[in-house]
Every structure is written in C-alpha cells, then in structure tokens.
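No hydrogens, no waters, no symmetry mates; every other heavy atom, side chains included, goes into these values.
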Amino acid sequence: MDIRNIAIIAHVDHGKTTLVDELLKQSGAFRENQQVSERAMDSNDIERERGITILAKCTSVEWKGTRINIVDTPGHADFGGEVERILNMVDGVCLLVDAAEGPMPQTKFVTSKALALGLRPIVVVNKVDKPDAEPDRALNEVFDLFANLGASDEQLDFPHVYASGRAGWADETLEGPRKDLSALFDMIVRHVPAPRQIAQADAPFRMLATTLSADPFIGRILTGRIESGTIRVGETIKALNRDSERIEQFRVTKILAFRGLSQTAVDEAQAGDIVTLAGMSRATVADTLCALEVDSALPAQPIDPPTISVTFGINDSPLAGRDGNKVQSRVIRERLMKEAESNVAIRIEDTPGGEAFIVSGRGELQMGVLIENMRREGFELSISRPRVIFRDEDGQKMEPVEEVIIDVDDDYTGAVIDKLTGERKGDLVEMRPAGVGKTRIVAHVPSRGLIGYHGQFLTDTRGTGVLNRIFHGWVPHKGAIQGRRVGVLISMENGVSVAYALWNLEERGKLFIGAQEQVYEGMIIGEHSRDNDLEVNPLKGKKLTNIRASGTDEAVRLTTPVRLSLEESIAYVEDDELVEVTPKIVRIRKRHLDPHERKRQSRAG
C-alpha cells in the first residue's frame with residue numbers, strides 16, 4: 001500500500017487534536033455506531049484536564065488506497081524532547097494556525113525544527129469561521145515566519161487550505177463548499193512525498209527508536225519508522241547505541257502497526273512504515289534496531305539541553321506518610337530513572353546524601369506534569385524552588401533567555417513592560433496592535449526572571465492577559481534579579497487550625513489555609529503583608545469566661561483563603577522553602593532549621 005507519514009504541528013489550543021478527530025471520522029477509522037470520546041488522541045488524564053498534548057502519539061487513516069500515518073505532536077516547548085525525535089519519523093508536516101491569533105511561539109519552535117530537517121509544510125488556516133478571524137493576515141504571518149526561520153524557496157512555496165476543525169471541513173479557497181476534509185486529504189497525498197525508505201526494501205533491516213513505552217502483557221516496546229529492509233515476527237536482531245556499540249541481541253516477539261486509534265499485530269512490516277516492536281530488554285530511545293550484519297547506527301537528532309533543575313526529595317514533614325504509599329527515596333529514584341529512560345529531555349542526578357535527586361528539564365510546566373503524574377501514582381515528595389542552569393562559554397557565565405509573547409489589553413501594557421524590562425532584566429523586542437484594544441508585546445527575558453511571574457502577570461492584567469514563552473538562546477549573565485518581595489506567615493504550633501485565630505491573622509496578610517485544617521510547626525500558612533517572615537499561632541482559641549452579654553460576641557467570618565496550585569506553589573517558594581506534595585494536598589513549608597536559627601532569621605527579616 002502507498003504510505004504517507006506526516007506530523008501535525010500547532011500552538012496550544014489551535015485545534016490540532018480536534019482536527020485529528022475529524023480526520024479519523026471522515027476516513028472511516030470508526031464504525032458508524034462506535035462510541036468515541038472527544039479529543040480521542042488525548043489519552044492521558046492530564047492532557048484531557050488541561051486541554052494540551054503532552055505525549056506524541058501516532059494514528060493511521062486510509063484515504064483512496066493510501067495509508068496516512070499521522071503523528072500528533074506536543075504544542076508546548078517544555079515537551080520539545082518529544083517533538084525533535086518525532087520529526088525524524090515523518091516526510092512532511094501539516095502546520096495548523098489559528099486564523100485569529102496567527103503563528104505563536106510553540107508554532108515557531110516546532111516549525112524551525114521541521115524546516116531544518118528539510119520537511120515541506122502544508123499550512124492549514126484553522127477556525128476561519130470565528131468572528132474575529134483574519135485568515136489572509138495569518139497566512140502572511142506564516143510566510144514571514146518561514147522566511148525568518150531560513151526556509152528554502154521550495155518550503156516558502158507552501159500549499160494551504162482554509163479549515164474549521166470543529167465543523168469538519170477544509171477547502172483550498174475561502175468560498176469553497178465547506179462540506180468535508182477531502183481537500184486536506186488530497187493535498188497530503190499530493191504534496192507529502194512517499195517514504196524514501198521504500199526504495200531500500202531489499203537492504204538490511206534498520207529502525208531508529210523514537211518513543212519508548214511498556215505494555216503490561218508484552219513488556220518493553222519501542223516505536224519508530226523502518227529506515228530500510230523488512231522485519232518479521234520471530235527474527236533475531238540487535239540494538240546499537242549512538243556510538244554504534246552493541247547493547248543487546250533479541251528476538252522480535254511482536255510487531256504492532258497503527259490502524260486508526262488502536263495498534264494491530266502484524267506478521268511483517270516494510271521500509272517506510274511506522275511500527276512498534278517488542279522483545280527487547282535494554283534498548284531505549286535513540287538506539288538503532290537493526291539486522292545482525294549492520295555495523296553502524298543511524299544518526300539520532302540532538303536534543304536541546306535542559307534549562308532548569310528542581311530537587312526531588314522524600315517528604316519528611318510531620319504529616320508524611322498519611323496520604324501516599326510511596327514515600328521511600330529508593331522508590332522515588334526508581335520512578336525518576338524510569339521517566340528519564342523514556343523522556344530524553346529530562347536528566348536525573350543523585351545528591352551526595354542520596355536522599356534527594358536533582359531533576360533537570362525544559363521548564364516549569366514539564367516539571368509540574370511529572371510531579372502531578374507521580375502524586376497520582378501515590379508518591380509523596382518535597383520539591384525545591386526551580387533553579388536555572390547556567391553554562392560557561394570562553395570563561396563567561398551564560399544564562400538561558402526566553403522569548404515571551406504577550407497579548408494584553410492596552411490599559412495594562414505599562415505595568416507589564418515595567419515588570420519585564422525593569423525588575424526582571426528583560427529586553428523589549430516588539431510592541432504592536434493585536435486587534436481592537438489589544439497590544440502584542442514581544443520581549444526577551446531571562447528564564448530566572450520568569451520563575452513565579454505568571455501569577456503576578458495575571459494580577460497585573462486582571463486575568464485578561466495571555467502569556468506564551470519559548471526558549472530563545474543563551475546570553476551573558478544579567479546580574480541579580482530580585483525574588484519575592486514579601487515574607488510569609490509560618491505556623492509555630494502543631495494541630496488543627498482554629499477559625500478565631502485565622503480571623504485575627506487576616507490583618508497580617510493573605511492566608512493559604514482555612515479553618516479545621518492540619519498544620520505543623522514550620523508550615524507556611526499565608527503571605528505576610530510586609531517583607532519579613534512572621535511566626536504565628538493558627539491554633540489560638542478565644543479565651544472564654546462565664547460572663548455573657550448581648551452584642552459582645554463578634555461573629556467570625558473568614559475571607560476565602562488563596563489556594564495555590566502545584567505549579568503556583570513551585571514558582572512561589574524561595575530557596576529556604578519546600579513544596580510538600582502528596583496525592584491529596586499541596587503544602588508549603590520552611591526547610592528544617594534549628595528553632596534558634598529560625599528565630600534569628602525571623603528577627604533579621
């Protein structure tokens with residue numbers, strides 16, 4: 001069968017997964033009466049809750065005798081490690097752009113990778129039926145983006161369609177019939193080349209492993225595109241690492257091919273197809289699976305280095321072990337090593353004591369998703385403040401800088417620019433209108449300056465601003481950046497919080513807890529209104545006497561506490577604080593200090 005391999009690229013929330021749903025339906029991948037959930041490709045619970053794609057996934061549809069393998073790529077740069085490997089499996093890319101927003105940061109990130117590999121894009125201008133859609137402007141911005149990224153003349157001469165993924169139609173002109181997606185299917189078959197590997201069907205078998213997972217029935221499985229030759233169930237092959245050194249020799253126990261949303265066992269697979277193999281015990285991502293007579297490994301795409309690191313440790317608070325069942329450092333280490341094996345963008349290092357582990361990755365969102373997955377699996381953890389990774393170039397200290405694109409109401413541009421360029425050492429690159437009453441701000445800001453900024457940004461813009469960020473490059477160190485400006489309220493007692501005590505503490509600042517909640521000594525229960533830390537007693541009850549008079553007892557009415565999410569907590573803490581994460585709750589606390597030392601620090605402010 002004729003084969004086409006294509007990846008779909010889009011910014012977060014531009015409608016990529018919804019469009020794939022429609023491609024699956026209209027190609028006949030589902031039975032007419034089959035129950036299929038919305039955003040079928042988002043199989044992970046967190047993907048469904050947050051509406052983002054985290055894991056790259058493959059599906060397959062058939063159109064007029066051609067099998068089209070479609071790879072759904074993550075739209076966020078924090079999960080770029082997935083993207084870089086996936087693009088090696090395809091021969092073309094489908095770039096999805098919102099007709100109102102135009103190309104956004106994550107579009108730029110993935111597209112630059114695709115253009116560098118020589119892939120020719122098809123542009124889909126999506127959501128053209130929205131009231132604020134400007135498809136022609138969006139198309140011009142895509143052309144400018146390609147030109148800025150150094151696209152070749154052939155790549156700049158890209159085909160395009162106008163579409164509505166939710167309504168399930170795509171046409172080559174805006175005045176088209178708006179019936180179905182046949183125009184997009186035909187364009188993929190016409191413009192995406194057949195895999196060049198098909199011409200090497202007689203050569204020895206070779207395949208580069210791009211994703212790793214585990215199946216409870218068949219064990220370790222690796223997915224990739226067959227570069228040459230044919231593979232059959234029962235054949236003995238070997239695995240080579242990037243340096244062409246042999247890792248292991250194994251027998252292929254199962255070959256799985258993508259058919260719709262599911263994988264089907266097949267007896268053999270040919271060059272050009274994307275398949276999953278089982279039978280290996282040690283081979284991993286970026287290794288070459290090949291016939292026994294092959295001596296050289298396939299070149300693997302280099303992965304961008306991590307930019308931030310977080311320390312994962314055991315939960316040693318007084319409330320440890322109450323919610324989770326995985327609390328030992330040995331179990332935490334095993335889970336992190338398993339994650340690093342399948343996610344090449346993450347790096348794990350042991351600390352000298354062996355009780356904590358330094359996890360380095362792309363960004364706060366990637367770390368947040370990893371921690372969220374672990375807490376759902378029953379882990380209890382203590383998490384440090386994220387630290388930016390610096391590097392040395394010719395004796396000069398370099399730090400990562402991110403490109404920040406902000407769409408904000410005109411009234412709030414002054415506050416946003418002041419925070420980014422003043423306090424956080426950013427450089428303003430561009431500022432232009434972005435629709436009625438809106439301004440688009442583009443700035444290059446050190447990654448250090450963006451840790452903990454998102455909450456402040458939402459406050460400054462009254463929740464109306466939209467902030468997107470992407471790794472831009474390395475620049476010389478820009479000097480000290482001021483951290484959190486206010487202190488915190490720290491519990492000095494162990495027990496259950498009392499409404500009367502919290503009511504009296506409200507004048508001291510914002511509270512993070514409500515009444516009848518478990519607290520302990522050293523736990524942070526709120527934000528101080530001043531710049532110093534303050535130890536308080538949230539257990540202090542009202543002194544009672546046997547005298548009662550009408551009107552003297554005041555009713556206690558507490559203000560709703562501020563509940564910090566996991567990501568907000570990680571961004572909020574300072575270097576001497578930790579985030580305590582359990583399956584049921586997220587708390588913030590001070591690191592364990594001698595009581596006299598803590599009092600001395602409190603007095604010093």
Side-chain angles (χ1 to χ4, degrees), residues 20 24 29-31 34-37 39-48 53-62 67 69-72 82 85-86 89 205 207-226 230-239 247-270 273-291 325-326 330-344 346 369-370 372-379:
V20 174
L24 286 162
F30 305 140
R31 296 190 317 273
Q34 186 172 343
Q35 292 292 315
V36 182
S37 58
R39 300 198 322 274
M41 292 290 278
D42 283 349
S43 54
N44 184 304
D45 286 344
I46 297 178
E47 290 179 322
R48 288 190 170 283
T53 302
I54 296 169
L55 303 168
K57 290 171 286 292
C58 188
T59 188
S60 177
V61 300
E62 286 186 22
R67 178 178 301 133
N69 290 321
I70 302 171
V71 181
D72 188 11
E82 290 274 337
R85 303 196 309 270
I86 290 304
M89 294 203 303
F205 169 73
M207 179 180 113
L208 185 68
T210 50
T211 61
L212 168 74
S213 53
D215 185 280
F217 301 105
I218 57 178
R220 193 185 190 90
I221 53 177
L222 286 168
T223 302
R225 179 177 62 178
I226 301 175
T230 303
I231 185 68
R232 296 176 183 83
V233 174
E235 279 190 25
T236 300
I237 60 174
K238 64 181 179 181
I247 300 167
E248 65 172 324
Q249 184 174 309
F250 63 94
R251 190 173 72 87
V252 178
T253 56
K254 206 154 200 173
I255 302 172
L256 300 171
F258 292 92
R259 301 290 181 264
L261 283 177
S262 58
Q263 286 186 291
T264 307
V266 295
D267 292 330
E268 70 171 26
Q270 288 81 28
D273 206 357
I274 297 174
V275 295
T276 299
L277 302 185
M280 70 289 299
S281 60
R282 296 207 307 275
T284 187
V285 168
D287 290 342
T288 300
L289 309 182
C290 57
N325 54 10
K326 297 174 182 173
R330 171 184 55 81
V331 180
I332 294 170
R333 185 181 189 279
E334 284 173 8
R335 175 63 178 82
L336 291 174
M337 289 303 175
K338 181 182 170 187
E339 182 71 25
E341 203 172 63
S342 59
N343 188 346
V344 293
I346 278 183
V369 168
L370 171 59
E372 183 65 37
N373 276 323
M374 290 180 70
R375 71 184 288 214
R376 290 182 185 202
E377 293 165 19
F379 284 87

Which heavy atom in [X] sits nearest to a heavy atom in [Y], and how many Å separate them?
| X | Y | answer |
| --- | --- | --- |
| Arg282 | Arg220 | O-NH2, 3.7 Å |
| Leu289 | Ala239 | CD2-CB, 3.8 Å |
| Glu372 | Arg375 | O-CG, 3.2 Å |

Straight-line distance of [X] [atom1] to [Y] [atom2], nearest 0.5 Å:
| X | Y | atom1 | atom2 | value |
| --- | --- | --- | --- | --- |
| Phe379 | Leu370 | CZ | CG | 9.5 Å |
| Ile247 | Lys238 | CD1 | NZ | 11.0 Å |
| Thr210 | Ile274 | OG1 | CD1 | 7.5 Å |
| Glu235 | Leu277 | CD | CG | 10.5 Å |
| Phe258 | Asn69 | CZ | CG | 8.0 Å |
| Ile231 | Gln270 | CD1 | CD | 11.0 Å |

Counting C-beta onward and ignoring hydrogens, is there a side-chain heavy-atom pair between [X] and [Y] closer than 4.5 Å?
| X | Y | result |
| --- | --- | --- |
| Phe250 | Ile237 | yes |
| Ile221 | Lys254 | no |
| Arg335 | Asn373 | yes |

Donor-acceptor contact present, side-chain [X] to main-chain [Y], <3.5 Å:
| X | Y | result |
| --- | --- | --- |
| Thr59 | Ile70 | no |
| Lys326 | Glu377 | yes |
| Glu248 | Ala283 | yes |

Residue list, side-chain hydrogen bond (donor to acceptor under 3.5 Å, both in side chains) with Asp287, at least two apart or on another chain | none

Is it true that Glu334 and Lys338 make a salt bridge, defined as a side-chain N closer than 4.0 Å to a carboxylate O?
-> no

Decide yes or no on side chain to side chain contact (heavy atoms under 4.5 Å, CB included) for Leu208 and Met89, but give the supporting numbers first.
-> CA-CA 9 Å; Leu208 185 68; Met89 294 203 303; over 6 Å; no

Out of Thr276, Val275, Leu256, which residue meets the side-chain contact (heavy atoms from CB on, under 4.5 Å) rule with Thr223?
-> Thr276

